[in-house]
Amino acid sequence: MKDRVRKLNDRQERAGAAYVLYWAQANRRADSNHGFAYAAGLANRLGLPVLCYEALTSFYPYANDRLHTFVLEGVPENERRFKQLGAGYVFYLRRTKSDPNDVLYRLARDAAAVVTDDYPTSLTAQHNARVPAKLDIPYYAVDSSCVVPMSRMIKREYAAYTIRPKIHRMLPECLQPVPEIELRRRYTGPVPGFHLRVEPSNIPAIVSCCDIDHSVRPSTAWRGGRRQALRQLEHFLENDLRRYDRLRNEPSAHATSNLSPYLRFGYISSLEIALATLSYGRAHALPTDGFLEQLIVRRALAFNFARFSENPQSLDNLPDWAAKTLRKHAGDKRSPCYSREEFEYARTRDELWNAAQKEMLLRGKIHGYYRMYWGKKIIEWSASCQEALETMIYLHDRYALDGRDPNTYTNILWCFGLHDRPWRERPIFGRVRYMSLDGMRRKTDVGAYIGEIEALERTGQDPYRIQ
DNA sequence: ATCGGCTCGCGCAA
DNA sequence: TGCGCGAAGCCGAT
């Protein structure tokens, strides 16, 4: 636990406080959460209860119905679970600019300390950089993102092969479940007036009165919340783990876990997924290495990249060989060359690319393998690398349920050569790895995927939605 | 269908 | 200092 906690200011615990405040920013769950567990331990030591604070603001770029719905769908069960464990629970939704923006500071007035999630990107990273100095109580950021804590790596890793052996050495020690929470004191304090009670039935009404973009509809495939996350995991283990190694790069086969949206909002932890996978694999004699490589090693590499990068959304992070070769080819002719709108509304002349973009528009996520093709083609068909990068980030910010996180930026920058190696030189890409439609046709069933997405577009019914 | 070449640089063994 | 090796590559030769 020690190597998961960072104290981000130098204040002392306030005496005579009413509670320890746990601010769930990135990890919207009570179970398998090192942050909440740390808050509970601290509260027990101080003889205090824990108050959990979860919030949703409407004022970040491209806030829309899809993201709001996915967050709100998790709230009723979080409220139930935190209370069941003896903690208090407050949910605050800032719907319009005239709603207060100082709720955390109000709650902190009666707190002995603030405990929150350590997270290297998005709003959480901004909050954790700015808020601690404004408080007169301790501010602890706890890393519950990966199986191996970010702090165990002391520098930015060059590629998967440099981090892999280190991760594997630490696994026996890190693959331990988060201890069960036992709060010695129940929260019996008042429920603040700004608390919003969310019920599954009133979510559409709540969303409709927020000052956000209502044109991006909720995902056709994924609903938010911890229960959905656990069902998705169960579905994966029972149906797809056995096919994973063979079919993970065959998008039409649906053999991947689809857990990234749930990991993104912290409805489930990578640690509990890893433990459940190992246990299921052992019980049913199934191979787990391929999936755990993605879940543990690639995820750790992405968080390591975000933690040690000044700006994880910048091409400045590319290795020298990639930056150099892309610069050399910056003047190469792009043909075709599309605008942001042509990309956004899937109006290219490549039916596979359009289908992948439509999957983004409808489901809010592209299959991992085709997403790489999607990114490579945006580079090939954009006026410049910078413009291609901005298009990819924009499309993720606006439409993806798994956007704005370390994996997002690592996957995008991988398309430009990050964590990769050089290959044969060619136009536009230089020595950066190229991907072709012929390659996709050779290796995957492109027609089946296009047909599936066309049917989804036509009917609005997603057969891959887990009920 | 399958294989080697392409090409850089990290990290470890020596 | 030498050497093995790497996220999803392509391409041409066999």
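Keep in mind it's a predicted model, so treat the numbers as computed, not measured. Chain naming here is simple, since letters A, B, ... match the order of the sequence lines and numbering starts at 1 in each.
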Subject >> Whole angstrom value for the distance that separates P of C:dA8 from CD1 of A:Ile412 >> reply: 19 Å
Original post:
How far, in whole Å, is C:dA7 from B:dA1 if one measures between their P atoms?
Top reply: 27 Å
**OP:** Give a yes or no on whether a salt bridge exists between A:Glu293 and A:Arg164, defined as a side-chain N under 4.0 angstrom from a carboxylate O.
**Re:** yes
**OP:** Rounded to the nearest angstrom, tell me the gap between atom CG in A:Leu437 and atom P in C:dA8.
**Re:** 19 Å
**OP:** Identify whether any heavy atom of A:Ala159 sits under 4.0 Å from a base atom; if not, whether one sits that close to sugar-phosphate; answer base, sugar-phosphate or nothing.
**Re:** nothing
**OP:** Rounded to the nearest angstrom, tell me the gap between atom CG in A:Asn304 and atom P in C:dA7.
**Re:** 14 Å
Subject >> A:Lys324 atom NZ, neighbour heavy-atom count above 12 within 6.0 Å >> reply: no
Original post:
When we call it a touch if two heavy atoms are under 4.0 Å apart, what does A:Glu293 touch: a base, just sugar-phosphate, or nothing?
Top reply: nothing
Subject >> Residue-phosphate contact under 4.0 Å: A:Arg442 side-chain N/O, C:dC10 OP1/OP2 >> reply: yes
Subject >> Separation of C:dA8 P from A:Leu247 CG (nearest whole Å) >> reply: 18 Å
**OP:** For nucleotides 7-14 of chain B, just jot down a letter per nucleotide in 5' to 3' order: B, S or -, based on protein non-hydrogen atoms under 4.0 Å.
**Re:** BBBBS---
Subject >> Shortest non-hydrogen contact between A:Val147 and A:Ser270, atoms and distance >> reply: N-OG, 3.6 Å
**OP:** Report the nucleotide, chosen from C:dA7, C:dC10, C:dA8, that has the shortest atom-to-atom distance to any side-chain atom of A:Arg433.
**Re:** C:dA8
Original post:
With under 30° as parallel and over 60° as perpendicular, where do the rings of A:Tyr262 and A:Phe70 fit, or are they tilted in between?
Top reply: tilted
Subject >> C1' atoms of B:dG11 and C:dA8, separation to the nearest Å >> reply: 24 Å
**OP:** Return the value, rounded to whole Å, for the distance between atom CZ of A:Phe429 and atom P of C:dC11.
**Re:** 12 Å
Original post:
Should the pair A:Phe82 and A:Tyr22 be assigned to parallel (<30°), tilted (30 to 60°) or perpendicular (>60°) ring geometry?
Top reply: tilted
Original post:
So, does A:Glu359 use its side chain to make a donor-acceptor pair with the main chain of A:His367 at under 3.5 Å?
Top reply: yes
Subject >> A:Asp320 atom CG, over 12 foreign heavy atoms within 6.0 Å >> reply: no
**OP:** Describe the nucleic acid contact of A:Arg298 in one word from base, sugar-phosphate, nothing, applying a heavy-atom distance below 4.0 Å.
**Re:** base
Subject >> Aromatic contact, A:Phe236 with A:Tyr280 (centres under 6.0 Å) >> reply: no
Original post:
Can you check whether A:Arg94's main-chain N or O pairs, donor with acceptor, with A:Thr57's side chain at less than 3.5 Å?
Top reply: no
Subject >> Sub-4.0 Å heavy-atom contacts from residues 369-384 of chain A onto DNA chain B, ordered by number >> reply: none
Original post:
If only side-chain N and O atoms of A:Arg164 are considered, is one of them under 4.0 Å from the OP1 or OP2 phosphate oxygen of C:dA7?
Top reply: yes
Subject >> Distance under 6.0 Å and angle within 45° of ring axis: A:Arg4 vs A:Tyr38 >> reply: no
**OP:** Identify all stems in which DNA chain C takes part, counting only runs of at least 3 consecutive pairs (Watson-Crick or G-U wobble, each distance under 3.5 Å), and give each as one range with another, ordered by first number.
**Re:** B:1-6 with C:9-14, B:8-13 with C:1-6
**OP:** Write down the distance between CG (A:Asp420) and P (C:dA8), rounded to a whole number of angstrom.
**Re:** 6 Å
**OP:** Report the residue from A:Asn9, A:Asn128, A:Thr116 that forms a side-chain hydrogen bond (donor to acceptor under 3.5 Å, both in side chains) with A:Tyr139.
**Re:** A:Asn128
Original post:
Charged N to carboxylate O below 4.0 Å: is that the case for A:Arg363 and A:Asp462?
Top reply: yes
